[in-house]
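First the structure, in the form of structure tokens, and then the observations on it.
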Amino acid sequence: MNGKHITKLGFTNTSIGLALAAAQLREDTGLGRQAILDELSAVKSQPAAYQTGEYAALAHELLAQQTHTAFHAADALRPAALPYAQFGAELIEANARAQMDVAMQLPIARAGALMPDAHVGYGLPIGGVLATENTVIPYGVGVDIGCAMHLSVFAVPPEHLKTAEALHLLQKHTRFGAGIGFERRERLGHAVLDEAAWDEQPVLRRLHDKAAEQIGSSGSGNHFAEFGAFTLSAPEAGLEAGTYLALLSHSGSRGFGAQVAGHFTKLAESLHPALDTSARKLAWLDLGSEAGEAYWQAMNLAGRYALANHEQLHARLSRALGEVAALSARNSHNLAWKETVNGEELIVHRKGATPAAAGQLGLIPGSMADPGYLVRGKGYAPALGSASHGAGRQLGRKAAQAALSKSVVSAYLRDRGVTLIGGGVDEAPQAYKRIEAVIAAQSELVEVLGEFRPRVVRMDSGSEDI
DNA sequence: ATGTGC
């Protein structure tokens with residue numbers, strides 16, 4: 001018995017040595033060569049039946065190889081990306097497109113689209129829409145699960161609220177920054193904190209107290225709360241056309257959602273060790289698996305929690321104003337939904353994309369000093385019923401810090417009559433694409449109903465205030 | 001995006 005006999009049976013790599021060792025043990029019992037080769041052949045075709053005895057080590061190696069091969073086959077990328085529509089392609093950088101191309105090579109991908117505010121993100125680009133079959137990609141949703149917009153329009157003129165008072169109200173009723181929450185005696189309860197789901201997963205149970213502490217707060221980066229003038233161009237939901245005082249906010253699921261995202265993306269990566277490195281951050285979870293179900297539950301809880309954050313912010317400020325919103329709208333723009341796409345039920349991931357089904361209201365902000373828009377979706381199929389979630393960055397954070405200064409940002413704000421609390425150069429209006437161009441690039445996707453012009457804005461301080 | 005890590 002030698003290596004030649006073994007390789008002839010089709011054993012490779014580590015299994016050759018293990019087969020030889022097992023054959024030696026069988027020879028020691030007096031068994032003949034042909035009988036041993038027959039046994040080896042049987043072990044090779046049915047390793048699961050030989051997990052004990054002389055062939056155990058070989059059988060385990062063969063089983064491991066089988067599993068590995070299966071992983072490779074199931075995770076192999078398509079040789080070419082599936083086609084997808086891009087809106088405002090001239091506004092989208094090549095590296096964001098390259099990321100989308102990788103996503104469209106995933107074996108689970110079915111359809112996709114790139115919005116005009118698209119730019120590079122982890123895994124799926126921001127402004128990317130991706131439909132998959134019975135699977136969910138944690139980084140196809142993003143770190144800030146459920147990040148959302150909320151607008152309250154009050155039936156009073158914008159001048160009703162003086163700048164000094166707006167500053168005071170924002171300072172008093174909003175909280176910004178990583179790790180920030182409300183002081184215990186200031187906290188408001190919310191039904192979302194009493195949901196049964198918190199007790200159904202260790203990761204959720206562990207995060208409940210943090211969620212209770214941070215509810216009603218806003219984060220860092222591009223999150224904001226701002227008072228401004230909202231102009232409605234035609235009557236809508238009982239409100240006459242005109243210009244009104246309004247409150248617009250952008251916030252997500254805070255530390256809770258970020259921890260959920262981190263937990264499940266790590267889990268997804270561990271389940272797809274064979275996935276090509278270019279797609280590592282697009283590792284998915286099967287919705288038929290326990291892990292997939294757990295993510296779906298956690299993601300939707302984080303989505304409801306993010307909306308509850310906005311509800312509390314708007315409730316505090318409306319109450320302080322003594323006004324009730326005459327018109328309000330809100331939408332999540334980092335989430336996955338079960339939707340019918342071309343007659344098939346798929347999981348539609350929107351990572352920095354506004355749901356824009358026919359008739360659906362959505363909010364697309366510009367920057368700290370540029371207009372934001374209330375839009376109505378047109379349910380445009382090539383966009384998978386989506387629109388942009390904002391203007392999108394044209395300069396990354398570091399590039400913005402290097403290219404811009406406090407003085408050019410201050411001048412931009414002054415020219416537009418915007419007063420800012422906090423904010424950093426990395427969030428400068430000049431770091432963003434021109435919202436007018438981004439809106440113009442999606443006329444097939446949404447209809448503009450109204451325009452919000454920011455007047456008094458609060459953001460996190462970042463590294464340095466402007 | 002988040003008060004922290006392949």
Applying side-chain hydrogen bond (donor to acceptor under 3.5 Å, both in side chains) to A/Arg376 and A/Gln360, what does each step give before you reach the verdict?
CA-CA 5 Å; A/Arg376 177 182 283 133; A/Gln360 191 172 17; over 6 Å; no

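Regarding A/Ile180, its CD1 atom lies at a distance of 9 Å from the P atom of B/dG3, rounded to whole Å. Going from atom CD of A/Glu269 over to atom C1' of B/dC6 covers 10 Å, rounded to whole Å. Rounded to a whole Å, the CZ atom of A/Arg206 is 13 Å from the C1' atom of B/dT2. Remark: P of B/dG3 and NZ of A/Lys210 are 4 Å apart, rounded to the nearest angstrom. Summarising the geometry, the separation between CG on A/Asp209 and C1' on B/dG3 is reported as 17 Å, rounded to the nearest angstrom. For A/Tyr122 and B/dC6, the OH to C1' distance is 13 Å, given to the nearest whole Å. Between A/Asp426 atom CG and B/dT2 atom P there is a gap of 13 Å when expressed in whole angstrom units. A/Arg175 places its CZ atom 16 Å from the P atom of B/dT2, with the value rounded to the nearest Å.
The distance between the ring centers of A/His173 and A/His314 does not fall below 6.0 angstrom. Aromatic rings of A/Tyr305 and A/Phe256 (six-membered ring for Trp) have centroids within the 6.0 Å cut-off, being under it.
Among the protein residues, A/Gly255 comes within range of the sugar-phosphate backbone only, with heavy atoms under 4.0 Å from sugar or phosphate atoms but none that close to a base. Across all strands, A/Arg280 comes closer than 4.0 Å to no nucleic acid atom at all (heavy-atom distances).
A/Gln430 places a side-chain heavy atom less than 4.5 Å from the side chain of A/Val408.
A sub-4.0 Å separation between OP1 or OP2 of B/dG3 and a side-chain N or O of A/Gln214 is present. An OP1 or OP2 oxygen of B/dC6 is reached within less than 4.0 angstrom by no side-chain nitrogen or oxygen of A/Lys266. At the phosphate of B/dG3, neither OP1 nor OP2 sits under 4.0 Å from any side-chain N or O atom of A/Ser220.
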